[in-house]
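Quick notes on the structure that follows.
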Amino acid sequence: MTASFLCNRRRLEGALTLPALIFLSSLATGPGAEAGFTPGSTNAVITIATAHSALNLWVASDQRLYQLGYGAADAPVVIPEKTPVRELEFYPPAGNGFILEPALQATHADGNTSTDLIFVKQSETVADKNIRLTRIELKDGFYPFFVTLCFKAYQQQDVIEQWAEIRHDESRPVTLYRFASTGLVVPKADEYWLTQLHGDWADEAQLVEEKLTSGIKVLDSKIGVRALQFRTPSFLIALDHQAEEERGRVLGGSLEWSGSFQLAFEVDMKNRLRALGGINPFGSQYRLVPEKTFVTPGLLWSWSDQGKGQVSRNFHRWARLYGMRDGDKPRPVLLNNWEATGFNFNEARIVALFDGARSLGADTFLLDDGWFGNRHPRNDDKAGLGDWQVNTNKLPHGLSYLAEEAKKRGVDFGIWIEPEMVNPVSDLFEQHPDWAIGQPHRQPILGRNQRVLDLSRPEVREFSWKVIQDTLGGNPGIRYVKWDCNCYVTQPGSSWLGPEEQTHLLIDYQHSLYEIMGRMVTNYPHVMAMLCSGGAGRADYGALKYFHSFWPSDNTDPARRVFIQWGFSHFFPAGALADHVTRMGHRPLKFTLDVAMSGALGLDLDVSKLTTEERKMIAHAVSLYKRDLREVVPPGDLYRLESPYHGPRAALCFVAPDRSRAVLFIYQLKAGEGDAVKLAGLDPQKRYRVHEVNLPEGAPSQLALEGKEIEGSVLMGDGLVPPVRSEYTSAAIELRGE
Ligand code: GLA
């Protein structure tokens, strides 16, 4: 995690000259600091290494920082004989000779639009046996303007997290126009293939891969809040040819930021590729005052020469330890009422659903939207947002009563909130119209009949925090929260910020939001949390560190979910994806269950509308998931075996880290030939007992290898002929090492 934004700077350093700083750096090797050196000396290669990858930087004789390479940890480092071309400068600033897309652009207090960054010192701290922090301090050659490039190298996960800290000691504010987190030069290749996840509401995380050609390709978001609805800030770059699962050089990147972002990929005149990523500078120039430090969000890099599958597994392993809450703990099976009731419920109906939840084996009942608002009851999406008092008509005994009733029936109770939003039809808006984001003299534009609250304003931040405090603190029986966000910003104006700070709004908003989310985690550590944003408008590692999972899409038709989950699996582990069983799409129930079981299984069903047969099937699947599959799927290493983009079926397999067990899922999306599926990631020497699970009661498995013990090498070499061929049939197969 990066340091907090706008922290107080150390005044002393700002006043020192460059030679003084170099001198100080050689003295200042405090606890944990391993290295510090004078530029120009022979050891001036700075290596940021993980178990299998290394990023090598070099301070040349012009005292600028250049990139030597990023790739295999054991690749030789070639030190150039002369100063490299400026196109290889590692974090290039604009205005003094660098002519391509810069990482940094600033106008200094005296109006000078150029910056020149000169190496000052570097230090490395060993945080623990897995994490090394490298800080490289750069200073403008003339102005007291400083950039510290920070790198956390996660050894075992092969992930490098990079961010920048920008500060100055000039007489007046400096305006930052660009402030990338990273500007890595991608290892040289003949071709560069970029993969992105794009889409729209109900159609998220669609994979698109394209070859980059000369010029700049930009992937971005400009909508500030619910900012990832159309594209996520995660990408892959395959070198030389299109990305393959288990072969070839691939780099993955993922930005820890839920607001507007910009990823820019520039292929230059010599076919070199630079990948820049960070907060979107569009309309966000930032007047940085001398007392503050501008801390960019981190961008996570992972490199592999064993294909994109390994990059995904690196991100998953990293996320389970560092990127999400309690990543190593099982997620409860939720039953949500949204698909079953929408806004139309009352106390008796909800209490009746608890019994249904229990009968299916769910751990937690989640009460969705519609429980609040009295003068403006939340009976549809047109009113009530902002008025977070329990609706006394619908729920006369309040939320604690519901939590107790749920507990009596053996299920935990959870609640939906959307604390950043307001409906114009609400008490809150009537009292505080100036709390909503909007532009003066313009007709307000609503999204889902609502507006976004201006979290840059301190009272609004406290109001949003109070919503959480009153809901969770006031009802200690609540054990789960779904935090939603259903509107984006199209008129980014604040009645709180001054004229010169209007462009700070979307950045300040995001930091306030993280502060509130952080307070929730600190104050309610026992309340699990799902991140939702009208689907996946916040599927990123900036927000996920405060949550246990996220909602990948409002589209729960399993035929589409196979693609959506496939896309997100490139960056997020299975336990992060809330995969709920609904009747959307009316696909066969077994297919629906098998698709949902490859993530954090949940349900969103009206139990009273299910047939006895359906109830039995669901209860059986939930119990199988909780007893067996949950131990392998979320903590397992994912191998994507067959892509739904390339054939009539999808196949994926989760292998326990010690390779003693695996779970294979096959989803037939169109009728096919039923060729063998070749497994991956197993121990070739180990014998695995093959067992098809999640079959309808009494139905025998049609799997030829059912019950047999087969060597891992055979399962990976010859494969296994699945028992499914026709459209919307599926198989879940357990492999247990003997
Ligand atoms: C969003 C969410 C849904 C549901 C509704 C409630 O659309 O994505 O899951 O919570 O809001 O209004």
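Just so you know, these numbers use all the heavy atoms, side chains as well, and skip hydrogens, waters and symmetry mates. Both ligands and their constituent atoms are indexed starting at 1 by order of listing.
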Inset, instruction - Could you tell me whether some N/O pair between Trp338 and ligand 1 is separated by less than 3.5 angstrom? - result: no
Inset, instruction - Would you mind checking if Glu339 and Arg583 are paired as a salt bridge, meaning a charged N to carboxylate O distance below 4.0 Å? - result: no
Legend entry - Distance, nearest 0.5 Å, that separates OH of Tyr541 from CG of Leu300: 8.0 Å
Inset, instruction - Could you tell me whether Arg560 sits above the aromatic face of Phe563, with NZ or CZ closer than 6.0 angstrom to the six-membered ring centre and within 45 degrees of the axis? - result: yes
Legend entry - Those residues that, when tested against Asp454, pass side chain to side chain donor-acceptor pair (under 3.5 Å) (two or more places apart): Ser456, Ser494
Legend entry - Under-4.0 Å salt bridge between Asp369 and Arg378: yes
Legend entry - Within the 6.0 Å centroid threshold, strictly below: Phe230 and Tyr488: yes
Legend entry - Atoms in ligand 1 flagged as close to Gly535, the criterion being non-hydrogen separation under 4.0 Å: 8 (O)
Inset, instruction - Below 4.0 angstrom from a heavy atom of Trp551, which ligand 1 atoms are there? Numbered from 1 as shown, please. - result: 8 (O), 9 (O)
Legend entry - Top protein contact for atom 3 (C) of ligand 1, by heavy-atom distance: Asp554 OD1, 3.5 Å
Inset, instruction - Identify, for atom 4 (C) of ligand 1, the protein heavy atom at the shortest distance, and state residue, atom and that distance. - result: Asp368 OD1, 3.5 Å
Inset, instruction - Examine ligand 1 and decide if any of its atoms is less than 4.0 Å from a heavy atom belonging to Glu418. - result: no
Inset, instruction - With heavy atoms of Lys482 as the reference, note each atom of ligand 1 found under 4.0 Å away. - result: 3 (C), 4 (C), 9 (O), 10 (O)
Legend entry - Presence of salt bridge, Lys408 and Glu404, under 4.0 angstrom: no
Inset, instruction - Specify side chain, backbone, both or neither for His580, according to which of its non-hydrogen atoms lie closer than 4.0 Å to ligand 1. - result: neither
Inset, instruction - May I ask you to say whether Asp220 pairs ionically with Lys222, meaning some side-chain N is under 4.0 Å from a carboxylate O? - result: yes
Inset, instruction - Enumerate the atoms of ligand 1 whose separation from the nearest heavy atom of Asn486 is less than 4.0 angstrom. - result: 1 (C), 7 (O), 11 (O)
Inset, instruction - Just let me know how Asp484 lines up against ligand 1, side chain, backbone, both or neither, with a heavy-atom cut-off below 4.0 Å. - result: side chain
Legend entry - N or O pair under 3.5 Å between Arg378 and ligand 1: no
Inset, instruction - Give the atoms of ligand 1, by number and element, whose distance to some non-hydrogen atom of Cys532 is under 4.0 Å. - result: 2 (C), 8 (O)
Inset, instruction - Measure the distance from atom 12 (O) of ligand 1 to every protein heavy atom, then report the residue, atom name and distance (to 0.1 Å) of the closest one. - result: Asp369 OD2, 2.6 Å
